Amino acid sequence: MSRSKLSLLLMLLAFSLLATPAFGQTAMDLLPGNNWLPGWKQSYEVQAYEGDDLFFLINGGADLFLEYGFRDVAAVELQHPTDGKLYIEVYHMASDSAAFGMFSLRKGSLKIEVNPGPWVVYGDDYLHLWQGPFYVSVSATGLSNKTKLKAFASLVTRMQEWAPVQSHLPSLYTEYRNEEMLSATYILGPLALNNVYHFGSADILKVTEALAVEEKFHRNIILNYPDEMTAKKVFFDFIEHMQNSGRFSNYREEGEQYLAEDRLENTFIANLNENKIILVLLKQE
């Protein structure tokens with residue numbers, strides 16, 4: 001074999017090894033099993049689904065996961081004879097951004113605690129965790145605070161060991177992240193957008209990527225489009241919608257800003273910025 005062909009073969013082998021994760025290829029690989037901690041046992045068999053079969057696990061919310069890009073899920077309930085129960089769902093999404101999006105949407109108002117490995121939020125009896133293409137949701141029942149924190153810490157450590165990947169944040173999130181941000185939701189479709197602010201059943205904003213940023217006195221919704229022409233067309237279709245849909249009142253224009261009030265009398269401001277539409281919702285004091 002010639003030296004050039006050997007070099008090409010070695011390069012292809014290296015790329016194939018890099019493309020195949022050494023750990024956590026599926027959601028099932030990340031689930032803790034019996035005696036994960038002393039005394040903890042599975043209450044029943046693990047549930048695992050791929051693709052559209054996600055409806056068998058979460059019939060009411062599967063569409064949202066599929067919108068973001070879903071691969072497979074595994075769920076288990078673990079029970080301790082005296083301490084209580086843990087219900088754990090591990091979602092393997094199509095990308096880091098998709099997993100981060102579900103994490104940012106489902107964590108609610110819980111504050112993010114950023115660790116060197118996973119991003120973690122917890123409060124009361126819930127834990128949400130993001131690492132690479134994986135999103136993990138945990139609910140606890142009947143656990144003391146000490147036992148709960150021990151279990152949560154063990155799950156975070158397990159994630160670091162079994163999915164030791166570098167997590168890549170969506171560029172739209174890093175672009176608009178700031179110190180005044182209370183929370184942010186990364187959006188990859190109209191269902192997710194309507195979870196943040198209900199614009200109606202029609203996909204008037206043609207959203208494929210957006211970021212909703214909560215700050216103290218207002219909420220910004222930044223919608224990202226592939227080019228300026230697309231953003232401009234969607235923007236003026238939305239302005240017409242604001243004037244005529246009946247969902248807004250007191251419509252007016254101030255320079256390049258378009259303002260109206262929604263049904264809760266919050267002021268709504270729409271701006272066009274190159275290939276982005278910026279919507280600002282001023283909260284009532």
Side-chain angles (χ1 to χ4, degrees), residues 51-52 54-55 58-70 91 93-95 97-109 170-173 175-176 183-215 218-284:
D52 291 347
L54 177 62
F55 286 96
I58 49 169
N59 188 35
D63 281 329
L64 193 57
F65 280 89
L66 294 171
E67 178 177 83
Y68 273 84
F70 165 78
Y91 293 89
M93 304 299 289
S95 66
S97 293
F100 176 77
M102 290 308 306
F103 167 80
S104 68
L105 183 65
R106 296 190 92 206
K107 73 176 182 60
S109 60
S171 59
L172 188 63
Y173 176 84
E175 181 179 353
Y176 285 92
S183 66
T185 303
Y186 183 65
I187 296 163
L188 286 176
L191 290 176
L193 181 62
N194 274 333
N195 269 264
V196 172
Y197 185 93
H198 188 63
F199 289 95
S201 57
D203 183 17
I204 188 65
L205 285 162
K206 309 297 181 188
V207 58
T208 56
E209 184 189 36
L211 185 71
V213 178
E214 291 286 343
E215 297 187 10
H218 64 277
R219 175 191 300 165
N220 293 337
I221 302 176
I222 302 105
L223 299 113
N224 195 34
Y225 297 93
D227 52 64
E228 293 185 26
M229 184 177 297
T230 301
K232 187 174 182 179
K233 182 181 186 310
V234 173
F235 180 75
F236 286 107
D237 285 346
F238 178 69
I239 296 305
E240 184 178 353
H241 174 76
M242 288 179 69
Q243 297 178 69
N244 303 320
S245 69
R247 301 184 68 86
F248 299 91
S249 61
N250 195 22
Y251 172 81
R252 58 207 185 271
E253 300 178 16
E254 296 181 3
E256 296 182 354
Q257 291 188 336
Y258 299 80
L259 293 82
E261 291 179 3
D262 66 11
R263 292 174 176 176
L264 297 177
E265 298 183 350
N266 297 307
T267 300
F268 207 91
I269 306 171
N271 297 279
L272 180 63
N273 183 10
E274 297 180 345
N275 68 320
K276 294 180 176 64
I277 294 174
I278 314 294
L279 305 177
V280 181
L281 182 66
L282 301 180
K283 302 174 184 177
Q284 288 186 327

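Fair warning: this is a prediction, and the values are worked out from it, not measured in the lab. Numbers here are sequence positions counted from 1.
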Quick check: do [X] and [Y] have side-chain heavy atoms less than 4.5 Å from each other?
X: V196; Y: R219; value: yes
X: I269; Y: L259; value: yes
X: L205; Y: L279; value: yes
X: E256; Y: L272; value: no
X: D63; Y: F55; value: yes
X: I58; Y: L64; value: no
X: F70; Y: L54; value: yes
X: L281; Y: D262; value: yes

Apply salt bridge (Lys or Arg N to Asp or Glu O under 4.0 Å) to D237 and list each qualifying residue two or more places apart in sequence or on a separate chain.
K233

Using the salt bridge (Lys or Arg N to Asp or Glu O under 4.0 Å) criterion, which residues pair with E67? Sequence neighbours excluded.
none

Qualifying residues under side chain to side chain contact (heavy atoms under 4.5 Å, CB included), relative to [X], sequence neighbours excluded:
X: D52; result: L66
X: S95; result: S97, A98
X: E240; result: N244

Output all residues satisfying side chain to side chain donor-acceptor pair (under 3.5 Å) with [X], sequence neighbours left out; order by chain, then residue number.
X: E253; answer: Y251
X: Q243; answer: none
X: H198; answer: none
X: N250; answer: E261

Using every non-hydrogen atom in the two residues, find where [X] and [Y] come nearest and quote the distance to one decimal.
X: L188; Y: A192; result: N-CB, 4.4 Å
X: E274; Y: E228; result: C-CG, 3.6 Å
X: A260; Y: M242; result: CB-CE, 3.5 Å
X: L211; Y: V213; result: CD2-CG2, 3.7 Å
X: L172; Y: I222; result: CD2-O, 4.1 Å
X: I239; Y: A270; result: CD1-CB, 4.0 Å

Take F235 and Y258 through the side-chain contact (heavy atoms from CB on, under 4.5 Å) test and state the conclusion after the steps.
CA-CA 10 Å; F235 180 75; Y258 299 80; 3.6 Å; yes

Results of ring-ring contact (aromatic ring centres under 6.0 Å, His included) for [X] - residues two or more places apart only:
X: Y173; result: F100
X: Y91; result: F65, Y135
X: Y197; result: F199, F268

Taking atom OG1 of T208 and atom CG of N224, what is their separation to the nearest 0.5 Å?
7.0 Å

Output the distance between atom OH (Y68) and atom OH (Y186), rounded to the nearest 0.5 Å.
8.5 Å

Give a yes or no on whether the backbone of [Y] and the side-chain of [X] come within a donor-acceptor separation of less than 3.5 Å.
X: N275; Y: Y225; value: yes
X: D227; Y: T230; value: yes
X: T267; Y: L282; value: no

Apply the test side-chain contact (heavy atoms from CB on, under 4.5 Å) to residues I278 and Y176: give CA-CA distance (whole Å), side-chain angles for both, the deciding distance (0.1 Å), then the verdict.
CA-CA 12 Å; I278 314 294; Y176 285 92; 4.1 Å; yes

Run the side-chain contact (heavy atoms from CB on, under 4.5 Å) check on I221 and L193 step by step: do they pass?
CA-CA 9 Å; I221 302 176; L193 181 62; 4.0 Å; yes

